[in-house]
Undergrad: 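Please read through the structure below; I'll follow up with questions.
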Amino acid sequence: MPDIAVTWEFVTAFSFRARVGLFLTASLAIGGLALAVGARHLEALHAQHATIGDREFNRAVWWTLALVVASANVAGATVVALTTRALSTRIARVRDAVLTLADPLPGPIAVTDAQVDDEFVPLHSAVLVARESLQASLTRVRMESDRNRAIIDTVLASVFAIDGGGRILTANPAAVQMFARPLASLTGAVLSDLVAADSLRLTVDDIGTVTFVGGDDDRRFTTSIRLHGRRTFPAQVAITPLALDGQHAWAVFVYDLTAQQQTETALGDARQAADDANMARTAFLERMSQELRSPLSSMIGFTRIVRRSKSSELSERDRHYLDRVQSSSEHLLGFVEDIFDLSRIEAGRVTMVVVPTDVVPMIREIVEQFESKVADRPVVLQVDLPESEAVARVDAARLRQVITSLVDNAVKFTARGRITVSVRRHHTTGAASAILVTDSGIGIPLERQGRIFDSFEQGGDETSHRYGGSGLGLALSWRIARQMGCMLSVESTAGAGSTFTLAFERAPVPGDSILAQTAGSTA
């Protein structure tokens, strides 16, 4: 037995193909040896033929042939048995690897060193690679499923799936809360027993089959969900078809809009209250402005009359007091008129008369009015205007008001340096595209530039205390510009100056030239 075991271990050290060749060689050698021995024996019998007789000679020949054939068959049978044993071992190994595909969770099957040179190893390895790939795919699918389940469980919408018979297959916590039933009793429940199916656009026929009413484009809709015996609430619904084990099923997403609608209602009420308060404030400011304008105008008028009266004997001090009264009254009247204009614009009671207007002479006239205010300061007030007309479609009176406010601001906040009012024109039409007021004054901090056009807003508290003003000029100018279809913007650097740009968004049409209109009217 030890010799046989050692021999078999020696044989199994070869590859399967080498082993088959070895078995065949051994079988042929044994058959050849048997034939040689049989031939030798037949030769000896032939030499004794004369002494043993024909009968004994024939018997001996048949026995010899029988032994030779038996020896060859035994050798062949041995080769077949050994080959079958080796082949069965490898087929069993591959079969075991294939069977593991049905359960890829255990660890991989190792290939021993003795099997490395086996012809079945590539097939066996391919099966193992397929098994490991299947195992990795199943792991990814489980992870994806767990992640999707976690997402569905955390969304605020109620999510549940129903089969073709209308029975609930699964539901997330939000759906459990909506139906007010535990998940164990909810699973398997008939949907039509819990909610009106038509509110979900689902119909149930006589045999209990659930069908969605509508096309593919109608699977997202807003409706009113009716829960049997409980409540009705607005909801946004999405229904998606599913295929579960070859059967039709539906995934239903229900988002309760009750809180959203309550919030929208509250916001609408708050917006209406704010609008009402704003209208009341606007009406109050308008009435107050109207009440103040008459007495202030009277004060200014009577002050001028007293100062100009030749019969009144006024001392220099009295004239100084009257000048202060007139100056303060004019300042207050301007403030009241700004409030009056602002309230009328916010109330939508200002109508713009937009006509083609040449802005060049208007700018020259406005700048000339401010030259006396900078005469005693190291400030250069200049214009950069085209030689020919620059037409824009604007309300002339309101445009004058805006430019005057911008130049007044530049004069107020520029102690030294330069103030330039310029006009840009379209390259093709020559019409005015923008008016720029640039100064080298105190500038506006970056954090306040976004609020500079708000009412009662200035460059800062220190600016308000030092330079005064109500903070209404830019706010009013911005609203006037917007109502004219223009855009007022600012670019500024604190301590280096500002540039206010009034851009005309309404491009003049051909024939808007003032000269052309004048010629036409003359003709």
Side-chain angles (χ1 to χ4, degrees), residues 300 303-304 307 316-317 319-338 359-386 390 399-424 434-449 451-453 456-478 480-481 488-502:
I300 295 172
T303 302
R304 289 175 179 173
R307 291 187 73 257
E316 289 299 324
R317 178 179 295 182
R319 291 184 179 277
H320 175 68
Y321 289 156
L322 287 175
D323 289 340
R324 294 187 60 181
V325 170
Q326 182 174 350
S327 175
S328 299
S329 299
E330 290 176 348
H331 175 74
L332 183 57
L333 180 60
F335 176 66
V336 170
E337 288 180 346
D338 286 345
V359 301
V360 173
M362 180 186 299
I363 293 175
R364 291 187 187 278
E365 181 180 345
I366 293 173
V367 171
E368 289 175 359
Q369 294 174 0
F370 284 92
E371 288 179 348
S372 60
K373 292 187 177 183
V374 297
D376 57 345
R377 284 187 282 170
V379 175
V380 176
L381 179 59
Q382 63 183 13
V383 294
D384 182 9
L385 303 175
L399 177 62
R400 179 182 295 274
Q401 183 178 352
V402 172
I403 299 176
T404 300
S405 177
L406 295 179
V407 176
D408 182 59
N409 270 355
V411 171
K412 181 189 300 183
F413 297 114
T414 304
R416 62 178 63 250
R418 189 180 300 273
I419 300 173
T420 304
V421 183
S422 58
V423 174
R424 289 180 183 171
I435 296 176
L436 290 79
V437 179
T438 305
D439 65 68
S440 57
I442 62 174
I444 305 170
L446 181 62
E447 63 273 10
R448 288 189 174 270
Q449 291 181 20
R451 306 191 305 270
I452 197 64
F453 296 114
F456 306 104
E457 180 67 33
Q458 289 186 321
D461 295 336
E462 182 181 351
T463 303
S464 178
H465 290 301
R466 181 177 178 182
Y467 295 95
S470 61
L472 287 177
L474 290 178
L476 183 59
S477 299
W478 185 84
I480 292 174
L488 180 61
S489 60
V490 62
E491 295 180 5
S492 181
T493 302
S498 306
T499 298
F500 286 87
T501 302
L502 178 63

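Numbering of residues begins at 1 and proceeds along the displayed sequence.
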Undergrad: Could you grab the distance from atom CD1 of Ile403 to atom CD1 of Ile435, nearest 0.5 Å is fine?
TA: 3.5 Å
Undergrad: Do other residues, nucleotides or ligands put more than 12 heavy atoms under 6.0 Å from Glu491 CD?
TA: no
Undergrad: Roughly how far, to the nearest 0.5 Å, is CD1 of Ile480 from CD of Gln401?
TA: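 Going from the CD atom of Gln401 to the CD1 atom of Ile480 covers 3.5 Å.
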Undergrad: Might you work through the side-chain contact (heavy atoms from CB on, under 4.5 Å) test for Phe453 and Val490, ending with a clear yes or no?
TA: CA-CA 9 Å; Phe453 296 114; Val490 62; 4.1 Å; yes
Undergrad: In the structure I gave you, are the side-chain heavy atoms of Leu488 and Ser477 within less than 4.5 Å of one another anywhere?
TA: yes
Undergrad: State, with a plain yes or no, whether a side-chain heavy atom of Phe370 is found less than 4.5 Å away from one of Ile419.
TA: no
Undergrad: So Lys373 and Val379, do their side chains get closer than 4.5 Å, heavy atoms only?
TA: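 Answer no - side chains too far apart.
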Undergrad: Please say whether more than 12 non-hydrogen atoms of neighbouring residues, nucleotides or ligands are located less than 6.0 Å from CZ in Arg364.
TA: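 Open.
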Undergrad: Taking only residues two or more places apart in sequence or in another chain, which ones pass side chain to side chain donor-acceptor pair (under 3.5 Å) with Thr438?
TA: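 With sequence neighbours excluded, Thr438 shows a side chain to side chain donor-acceptor pair (under 3.5 Å) to Thr499, given in chain and number order.
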Undergrad: Just wondering, more than 12 heavy atoms not from Arg424 lying within 6.0 Å of its CZ?
TA: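 Counting neighbours around CZ of Arg424, 12 or fewer heavy atoms of other residues, nucleotides or ligands fall under 6.0 Å, so no.
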Undergrad: Report the distance from atom CZ of Phe500 to atom CG of Leu474, rounding to the nearest 0.5 Å.
TA: 5.0 Å
Undergrad: Can you tell me how far CG of Leu399 sits from CD1 of Ile366, rounded to the nearest 0.5 angstrom?
TA: 7.0 Å
Undergrad: Given 3.5 Å as the limit, does a donor-acceptor pair link the side chain of Ser440 with the main chain of Arg418, or not?
TA: yes
Undergrad: Return the minimal non-hydrogen interatomic distance between Ala410 and Thr414, and the atom names on each side.
TA: O-OG1, 2.7 Å
Undergrad: Answer whether the closest heavy-atom distance between the side chains of Val402 and Leu476 falls below 4.5 Å.
TA: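 Side chain of Val402 against side chain of Leu476, heavy atoms only: no contact under 4.5 Å found.
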Undergrad: In the structure I gave you, are the side-chain heavy atoms of Val407 and Ile363 within less than 4.5 Å of one another anywhere?
TA: no
Undergrad: If only atom types and distance count, is the side chain of Ser492 paired as donor or acceptor with the main-chain N or O of Gly497 below 3.5 Å?
TA: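 Side chain of Ser492 to backbone of Gly497: a pair is present.
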Undergrad: Okay, side chain of Gln449, backbone of Ile444: is any donor-acceptor separation there less than 3.5 Å?
TA: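 Yes; judged by distance alone, with no hydrogens or angles, the pair exists.
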Undergrad: Enter the distance from Asp439:CG to Lys412:NZ here, rounded to the nearest 0.5 Å.
TA: 12.5 Å
Undergrad: Rounded at 0.5 Å granularity, tell me how far CD in Gln369 sits from CG in Asp408.
TA: 11.0 Å
